[in-house]
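All remarks here apply to the structure that follows.
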Amino acid sequence: MSELDSVSLNFSQKDLLLLNLALALIMYGVALDLSWKDFKYLMLNPKGFILGIVSQFLILPFLTFLLVLAIKPPPSVALGMFLVAACPGGNVSNFLSSLAKGNTALSVSLTAFSTGFSVVLTPLNFALWAGFYPPSSSLLQEISLDISEVFMTVGLILGIPLILGILTSQFFPKFGKLASTILRPTSILIFAAFVVLAFLGNFDLFIQYIGLIFLWVLGHNLIALGAGFFTAKLGKLPLPDVKTLTIETGIQNSGLGLVLIFTYFEGLGGMAIIAAWWGIWHLISGMTVALLWKNKT
């Protein structure tokens, strides 16, 4: 198990650059769907939005810390779990919320605004909770991670496309609508292709360790889905909002996690396998939840 801490996945700088571009395009596409109606909706209905942010950035990282304490994984695996939990929601959550007949306006707003907040909260949450677990804290010190650089990377990949997307939607609405129709499915396909290529390029490593990691990711993802569900239930939100918060918290932007792993951790095995498998598994679990909820009103 400990050898995961010394394994590195193969991923070229060219691949990393293209993955960064795909994530930026995905974020730009999400922001194109924002309008002033969404801002007005949030001002009139702030409860669901606030609970969504709390579930995403406070409750999930805390529950992840408790899970890590319980299962005591190798340090690199723990770092991967903390990083995934610190990432914002993934944009496919908007499609899944719509499929589940959840609150689509809330879903789009949560994805976009949680991504904006993640420029600050993702590096802070990751450093905070990883620092609380001694094995991962020691590994971070060995790597000598500069959190300020992580701030810059997250801001460039997510923050700038978010701002540009909102401005495009506001000042060039016709172009924004057309671009959204083209960019979002295209960028998601590009990202999915990179996950598949990363899997195939490191097939032997995945096969060797997937049995160890599958149950950890399964448990972690169930905790994420549960965090959103019970936060919404305790907040006495209507069923469409419950569906949305469950999916938003359970669908994490593991692509951002992979970018940070290959940029600052040189493809560290435990981290990369956790993030890559999460990227595959949360689509399966999210689709399952959405289909189960599709006809429940």
Side-chain angles (χ1 to χ4, degrees), residues 41-42 45-71 73 78 80-115 117-118 121-122 124-126 128-129 132-133 214-254 257 274 278-279 281-297:
Y41 173 84
L42 292 179
N45 304 275
K47 187 176 180 181
F49 176 76
I50 292 170
L51 288 176
I53 296 298
V54 168
S55 175
Q56 186 85 42
F57 289 111
L58 293 179
I59 297 176
L60 177 56
F62 173 68
L63 293 178
T64 300
F65 175 69
L66 295 182
L67 177 62
V68 167
L69 288 180
I71 65 177
M81 295 173 74
F82 288 130
L83 182 58
V84 167
C87 286
N91 74 305
V92 73
S93 62
N94 307 150
F95 164 74
L96 293 175
S97 288
S98 177
L99 179 63
K101 296 184 179 177
N103 187 333
T104 305
L106 177 60
S107 176
V108 172
S109 300
L110 273 173
T111 299
F113 288 103
S114 69
T115 298
F117 295 149
S118 74
L121 292 179
T122 291
L124 282 181
N125 256 340
F126 173 65
L128 176 68
W129 294 104
F132 284 156
Y133 184 59
F214 176 77
L215 290 177
W216 292 344
V217 172
L218 172 64
H220 194 194
N221 185 237
L222 284 174
I223 285 174
L225 292 166
F229 177 81
F230 287 109
T231 299
K233 280 291 187 180
L234 289 172
K236 299 180 179 179
L237 296 178
L239 181 58
D241 290 12
V242 172
K243 295 177 181 180
T244 293
L245 260 67
T246 302
I247 291 171
E248 282 293 324
T249 310
I251 302 295
Q252 296 293 92
N253 192 339
S254 56
I274 282 285
W278 181 286
W281 179 253
H282 76 175
L283 297 177
I284 298 171
S285 65
M287 183 65 73
T288 301
V289 168
L291 290 174
L292 288 173
W293 257 336
K294 184 177 181 180
N295 297 318
K296 187 173 181 180
T297 56

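Along the sequence shown, the residues carry numbers beginning at 1. Heavy-atom basis, side chains included; hydrogens, waters and symmetry copies ignored.
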| Steps toward side chain to side chain contact (heavy atoms under 4.5 Å, CB included) verdict (Leu67, Thr64) | CA-CA 5 Å; Leu67 177 62; Thr64 300; 5.5 Å; no
Only pairs under 3.5 Å count here: list side-chain donor-acceptor contacts from residues 221-235, not counting sequence neighbours, and write none if there are none.
{"from": "Asn221", "atom 1": "OD1", "to": "Ser285", "atom 2": "OG", "distance (Å)": "2.5"}
{"from": "Asn221", "atom 1": "ND2", "to": "Gly250", "atom 2": "O", "distance (Å)": "3.0"}
{"from": "Thr231", "atom 1": "OG1", "to": "Ala227", "atom 2": "O", "distance (Å)": "2.6"}

Closest approach of [X] to [Y] (non-hydrogen atoms, all atoms of both residues):
| X | Y | answer |
| --- | --- | --- |
| Pro88 | Thr122 | CD-OG1, 3.7 Å |
| Ile247 | Ala100 | CD1-CB, 4.0 Å |
| Val68 | Pro73 | O-CD, 3.5 Å |
| Asn125 | Ala86 | CB-CB, 3.8 Å |

| query | Is a side-chain donor-acceptor pair under 3.5 Å present for Ser55 with Thr249? | reply | yes
| Thr111 and Ser93 side chains, donor-acceptor separation under 3.5 Å | yes
| Any side-chain heavy-atom pair from Leu292 and Val289 closer than 4.5 angstrom? | no
| With side chains defined as the heavy atoms from C-beta onward, is the minimum distance between Trp278 and His220 less than 4.5 Å? | yes
First locate atom [atom1] of [X], then atom [atom2] of [Y], and finally report the distance between them rounded to the nearest 0.5 Å.
| X | Y | atom1 | atom2 | value |
| --- | --- | --- | --- | --- |
| Gln252 | His282 | CD | NE2 | 8.5 Å |
| Met81 | Leu83 | CE | CG | 12.0 Å |
| Leu96 | Lys243 | CG | NZ | 13.0 Å |
| Leu51 | Phe49 | CG | CZ | 11.0 Å |
| Asn103 | Leu237 | CG | CG | 9.5 Å |
| Trp281 | Ser254 | CH2 | OG | 14.0 Å |

| request: Evaluate the side chain to side chain contact (heavy atoms under 4.5 Å, CB included) criterion for residues Leu245 and Leu106: first the C-alpha distance (whole Å), next the side-chain angles of each, then the deciding distance (0.1 Å), finally the verdict. | output: CA-CA 9 Å; Leu245 260 67; Leu106 177 60; 3.8 Å; yes
| said: Can you tell me how the ring of Phe117 sits relative to the ring of Phe113, calling it parallel under 30°, perpendicular over 60° and tilted otherwise? | reply: tilted
Would you check if the side chain of [X] reaches a backbone N or O of [Y] as a donor-acceptor pair within less than 3.5 Å?
| X | Y | value |
| --- | --- | --- |
| Ser114 | Leu110 | yes |
| Asp241 | Gly102 | no |
| Glu248 | Gly89 | no |

| field | Leu58 and Phe62: CA distance, side-chain angles, deciding distance, side chain to side chain contact (heavy atoms under 4.5 Å, CB included) verdict | value | CA-CA 6 Å; Leu58 293 179; Phe62 173 68; over 6 Å; no
| request: For this output row, return yes or no: ring centroids of Trp129 and Phe65 closer than 6.0 angstrom. | output: yes
| said: Using the rule given for side chain to side chain contact (heavy atoms under 4.5 Å, CB included), can you reason through Phe57 versus Ser118, listing the C-alpha separation, both sets of side-chain angles and the distance that settles it, and then say yes or no? | reply: CA-CA 9 Å; Phe57 289 111; Ser118 74; 4.2 Å; yes
